[in-house]
Amino acid sequence: MASQDNVSRSSNGDSHTMKIALVTGITGQDGSYLTEFLLEKGYEVHGLIRRSSNFNTQRINHIYVDPHNVNKARMKLHYADLSDASSLRRWLDVIKPDEVYNLAAQSHVAVSFEIPDYTADVVATGALRLLEAVRSHIVDTGRTIKYYQAGSSEMFGSTPPPQSETTPFHPRSPYAASKCAAHWYTVNYREAYGLYACNGILFNHESPRRGENFVTRKITRALGRIKVGLQTKLFLGNIQASRDWGFAGDYVEAMWLMLQQEKPDDYVVATEESHTVEEFLEVSFGYVGLNWKDHVEIDKRYFRPTEVDNLKGDASKAKEILGWKPKVGFEKLVKMMVDEDLEMAKREKVLVDAGYMDAKQQP
Ligand code: NDP
Ligand code: GDR
């Protein structure tokens with residue numbers, strides 16, 4: 001799939017009815033679900049993708065339509081980077097979106113301890129660059145744009161649960177501190193310039209499209225491979241950590257709802273249930289008739305310098321004002337992920353048995 005730059009102009013101030021959204025991080029887990037959701041709502045969706053030496057569009061390939069098919073292609077991709085302010089302003093001017101969703105991030109908490117500068121540059125300053133590009137675009141064109149910032153429950157860090165919009169932040173990683181900066185930049189642009197800008201404070205949300213080095217997907221991927229005989233062990237870190245896990249497909253609706261209100265505001269989005277990593281292991285391994293204790297080994301390498309022990313959201317504001325509530329609960333989420341990863345492992349097994357793939361290798 002190649003990036004392309006043709007843009008059909010339809011937005012506020014222009015004559016069309018189709019709404020236009022600009023999504024950063026479109027190739028990520030949430031970007032793919034949000035794009036499906038917005039296309040379903042009749043939007044034209046423009047995604048900013050970063051240059052990589054391999055194609056990084058696996059999560060959106062199924063909704064890609066060749067741009068030469070101008071009447072059908074409503075998702076369009078453009079090269080940009082949150083570390084490159086000029087690219088952000090240029091695409092805003094060309095695309096003229098009604099809504100901007102800033103989902104791009106170096107989103108791995110443990111990795112943020114390894115690459116703290118880069119994490120801050122993309123997560124914190126990247127959000128500021130985009131806000132500033134939106135602000136200056138609005139000043140220069142007289143248009144309006146609504147802005148969504150992907151905030152995180154990691155910002156609460158060591159503050160005990162339940163966590164709501166009024167709970168103080170105490171970040172415990174370079175990632176979380178950077179998300180706090182992005183949160184306050186967003187609040188500041190709303191207060192200083194009257195920008196319609198919202199912070200979604202989203203608790204962990206997972207899916208079969210979750211990156212494979214986040215704990216839920218790491219478990220379900222390994223479980224599938226263990227079940228079909230491609231591996232025997234799974235190495236994990238702190239399995240006593242507790243998270244409020246929801247389904248990503250439910251959470252992207254909350255992002256959109258925030259931008260459909262009369263006034264911009266900040267909202268916690270969560271299931272209001274918390275489970276430990278150990279409980280995730282119990283439910284997932286139990287579902288396929290295995291005992292996790294036979295396969296899991298604790299590896300100190302996966303412990304973090306500072307951990308977030310317990311997250312459990314209070315989403316009453318989102319429920320009351322946005323009318324949002326999660327549809328997928330913990331057990332259903334776990335089973336959905338296990339089912340998909342078991343199918344994937346079975347396909348891998350066919351390749352291994354036919355000699356097309358090494359058992360140790362993951363495609
Ligand atoms: P992913 O890690 O799956 O996706 C991150 C996206 O950001 C990818 O598209 C990635 O591109 C892109 N990206 C990374 N660096 C840059 C950069 N320098 N410039 C442009 N794009 C970049 O994250 P999720 O989809 O899970 O999360 C979406 C957002 O929500 C993130 O900001 C995350 O921090 C936040 N969040 C996520 C939660 C969750 O539980 N999933 C909870 C709370 C907040 P590429 O595909 O090339 O890597
Ligand atoms: P988190 O998600 O840090 O909450 O950030 P992750 O799945 O990485 O960790 C959850 C908990 O599991 C523990 N853990 C392990 N984690 C990983 N990745 N790998 C392991 O082997 C392992 N063993 C135990 C972790 O210590 C942690 O306590 C996610 C990201 O999506 C962020 O971008 C987002 O902001 C937050 O969720 C909300």
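When reading the values below, keep in mind they use all heavy atoms of this one structure, side chains included, and skip hydrogens, waters and symmetry mates. As the structure lists them, so they are numbered: ligands from 1, and atoms in each ligand from 1.
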- Query: Is it the case that Lys300 places NZ or CZ above or below the six-membered ring of Phe303, under 6.0 angstrom from the centre and within 45 degrees of the axis?
  - Reply: yes
- Query: Can you tell me if Tyr287 and Asp339 form a side-chain donor-acceptor pair at under 3.5 Å?
  - Reply: yes
- Looking at ligand 1, does any of its N/O atoms fall within less than 3.5 Å of an N/O of Arg210? yes
- In the protein, which heavy atom is nearest to atom 21 (O) of ligand 2, and how far is it? Lys218 NZ, 2.7 Å
- What part of Val109, side chain from CB on, backbone N/CA/C/O, both or neither, has a heavy atom under 4.0 Å from ligand 2? side chain
- Quick one: which ligand 1 atoms are inside 4.0 Å of a heavy atom on Gly28? 3 (O), 4 (O), 8 (C), 9 (O), 25 (O)
- Message: Tell me the protein heavy atom at minimum distance from atom 27 (O) of ligand 1, and give that distance in Å.
- Response: Asp30 OD2, 3.7 Å
- Tell me which protein heavy atom sits closest to atom 1 (P) of ligand 2, plus the residue, atom name and distance to 0.1 Å. Asn204 ND2, 3.8 Å
- Query: What's the shortest distance from atom 33 (O) of ligand 2 to any protein heavy atom, and which residue and atom give it?
  - Reply: Ser107 O, 2.6 Å
- Is the number of heavy atoms from other residues, nucleotides or ligands under 6.0 Å of Glu331 CD greater than 12? no
- Identify, for atom 13 (C) of ligand 2, the protein heavy atom at the shortest distance, and state residue, atom and that distance. Asn238 O, 3.7 Å
- Would you say Asp81 and ligand 1 have an N/O pair spaced under 3.5 Å apart? yes
- Message: Counting only heavy atoms closer than 4.0 Å, does ligand 2 sit against the backbone of Ile239, its side chain, both, or neither?
- Response: neither
- Item | Contact with ligand 2 for Phe303, non-hydrogen, under 4.0 angstrom | no
- Query: Should Ser153 be listed as contacting ligand 2, given a heavy-atom distance under 4.0 Å as the test?
  - Reply: yes
- Note on the structure: So the atoms of ligand 1 within less than 4.0 Å of a heavy atom of Asn204 turn out to be 40 (O)
- Considering heavy atoms of the protein only, find what lies nearest to atom 46 (O) of ligand 1 and give residue, atom and distance to 0.1 Å. Thr27 OG1, 2.6 Å
- Message: Check this for me - ligand 1, Gly151, N or O atoms closer than 3.5 angstrom, yes or no?
- Response: no
- Item | Numbering as shown, the atoms of ligand 1 that approach Asn56 to under 4.0 Å (heavy-atom distance) | 47 (O)
- Starting from atom 7 (O) of ligand 2, find the nearest protein heavy-atom neighbour and note its residue, name and distance. Val215 N, 2.8 Å
- Could you check which of Ala105, Ser87, Ala104, Gly25 puts a non-hydrogen atom nearest to atom 14 (C) of ligand 1? Ala105
- Message: Under 3.5 Å between any N/O of Ser153 and any N/O of ligand 1: does that happen in this structure?
- Response: no
- Item | Shortest reach to atom 31 (O) of ligand 2 by a heavy atom, considering only Arg210, Glu307, His205 | Arg210
- Task: Among all protein heavy atoms, pick out the one at the shortest distance from atom 18 (N) of ligand 2; state its residue, atom name and that distance to 0.1 Å.
- Result: Asn213 O, 3.0 Å
- Message: Does only the side chain of Glu154 get under 4.0 Å from ligand 1, or the backbone, or both, or neither? Count heavy atoms.
- Response: neither
- Answer with side chain, backbone, both or neither: which part of Lys179 has a heavy atom less than 4.0 angstrom from an atom of ligand 2? neither
- Task: May I ask whether Gln29 has any heavy atom positioned less than 4.0 angstrom from an atom of ligand 2?
- Result: no
- Looking only at protein heavy atoms, what sits closest to atom 36 (N) of ligand 1 is Tyr175 OH, 3.9 Å
- Does Gly31 reach ligand 1 with a nitrogen or oxygen that is under 3.5 Å from one of the ligand's nitrogen or oxygen atoms? no
- Message: For ligand 1 and Leu103, I'd like to know whether there is a polar contact (N/O to N/O, distance under 3.5 Å).
- Response: yes
- Query: Should Arg217 be listed as contacting ligand 2, given a heavy-atom distance under 4.0 Å as the test?
  - Reply: no
- Task: For atom 34 (C) of ligand 2, find the nearest protein heavy atom and state the residue, atom name and distance (0.1 Å precision).
- Result: Tyr175 OH, 3.5 Å
- Item | N/O separation below 3.5 Å, Arg243 to ligand 2 | yes
- Item | Numbered atoms of ligand 1 (with element) below 4.0 Å of Ser107, judged on heavy atoms | 1 (P), 2 (O), 23 (O), 33 (C), 34 (O)
- Best match, Glu278, Glu212, His108, Arg304: closest heavy atom to atom 6 (P) of ligand 2: Arg304
- Short list, please: which atoms of ligand 1 are under 4.0 Å from a heavy atom of Tyr118? 15 (N), 18 (N)
- Have a look at Ala176, Gly211, Ala150 and point out the one with the heavy atom closest to atom 30 (O) of ligand 1. Ala150
- Just checking, Arg209 and Tyr33: is the charged tip under 6.0 Å from the six-membered ring centre and within 45° of the axis? yes
- Query: In the protein, what heavy atom is nearest to atom 23 (N) of ligand 2, and what distance, to one decimal place, separates them?
  - Reply: Gly237 N, 2.8 Å
- Query: Relative to atom 38 (C) of ligand 1, which among His205, Arg50, Gln58 owns the nearest non-hydrogen atom?
  - Reply: His205
